[in-house]
Amino acid sequence: MNNGNTSHSPSLATEFYEWLCDFENSFPKRLEKLFSKEWNWMMQTYFIYLINGINSGELFQEMYEERQYAEIPCGQDQAFIFIPEPSQEWFEHLLIESRSKDSSIRWKVNGPNQGMANWMEGVLKLYHQLKFEKKFKFSMEDWPTPIQKAVQIMIDQLDQSLSSSSIAKEVGLSRSHFSTMFKKAVGDSFSGFTEKMKIQAACDLLENTSLPLQEIGEKIGIQDGKYFSKWFKKCIGRTPSDYRQNKKTNVS
């Protein structure tokens, strides 16, 4: 039976998303409570799936009835699904069968994992990778390993001012070789792609969180709130406040 499943309130989903965006809130404490009760089976081996193209696992709901699992929504058509190791083969077959009926369904998996620390690390890694690939219409798996590592560093440290020479050193390449390989794989320069990532991250935070502009700027490596507003307007054509208000108006 699905005694590991929990029905989540919108407030938890909101806290979860803000935590994914590196906003300090009470989500880790709520996660501790889940691990002490409903999700204590994840102290044993489990796998994390990030499914794209479904609405909070509803597509699979009927098939879940007799299985232990957990899920938490992440946006309108995405969900994290947590599967005990003994059920992984069954779940993989289910995903393949579902994709044969709906080709828009995609997934990534992380594991094996055990415990809450692995949960947090695995969830963040999957979320950042899929978000990146979805927004920029790339598959990192097609890139050379040094470029995959470089972009992962860029994603993880978006709040830092990273240079191509420092990233090149971390992935074991000379700056010139790294720049050439990066442009060939990604189709954009290191600096150009970095700016695109920062713009996308800022837009996501403005749309999906209530964070003040100063904090949003800090999360993409811009410490000065006034400069963030000027930079955003230069890139997007409107101020951060106007962008946020327009998105809220469209939703309502």
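Considering CD of E18 and OG of S26, their distance stands at 9.5 Å, rounded to 0.5 Å. Rounding to the nearest 0.5 angstrom, the gap separating the CG atom in L50 from the CD1 atom in I72 is 12.0 Å.
Classified by interplanar angle (parallel below 30°, tilted 30° to 60°, perpendicular above 60°), the ring pair F228/F232 is tilted. Ring geometry for F190 versus F182: interplanar angle over 60°, hence perpendicular rather than tilted (30 to 60°). In this structure, W39 and F82 have tilted ring planes: the angle between them lies in the 30° to 60° band.
Considering only residues two or more places apart in sequence or on other chains, Y17 meets the ring-ring contact (aromatic ring centres under 6.0 Å, His included) condition with none of them. Annotation: ring-ring contact (aromatic ring centres under 6.0 Å, His included) contacts of W143 (sequence neighbours excluded): F132, F138. E85 is linked by a side-chain contact (heavy atoms from CB on, under 4.5 Å) to T45, F47, counting only residues two or more places apart in sequence or in another chain.
Of all non-hydrogen atoms in K234 and E195, the two that sit nearest each other are NZ-OE1, 4.4 Å.
You'll find the side chain of I48 reaches within 4.5 Å of the side chain of L126, heavy atoms only. Within the 4.5 Å cutoff, side-chain heavy atoms of K219 are placed close to those of L211. F178 is not listed as a side-chain neighbour of P146, based on a closest heavy-atom distance of 4.5 Å or more.
When only modelled atom types and interatomic distance are considered, Q214 and E218 share a side-chain donor-acceptor pair under 3.5 Å. Remark: the Y49 side chain and the E71 side chain contain no N/O donor-acceptor pair separated by less than 3.5 Å. Between the side chains of S163 and S165, a donor-acceptor pair is found at a separation under 3.5 Å.
In terms of modelled atom types and a separation under 3.5 Å, the side chain of T209 and the main chain of L205 share a donor-acceptor contact. Checking side-chain atoms of Y46 against main-chain N and O of W119 turns up a donor-acceptor pair under 3.5 Å. A distance-only check finds no donor-acceptor pair linking the side chain of S87 to the backbone of W90 [under 3.5 Å]. A donor-acceptor pair under 3.5 Å links the side-chain atoms of N25 to the main chain of E15, judged by distance alone.
A 6.0 Å sphere centred on NZ of K125 holds no more than 12 heavy atoms belonging to other residues, nucleotides or ligands.
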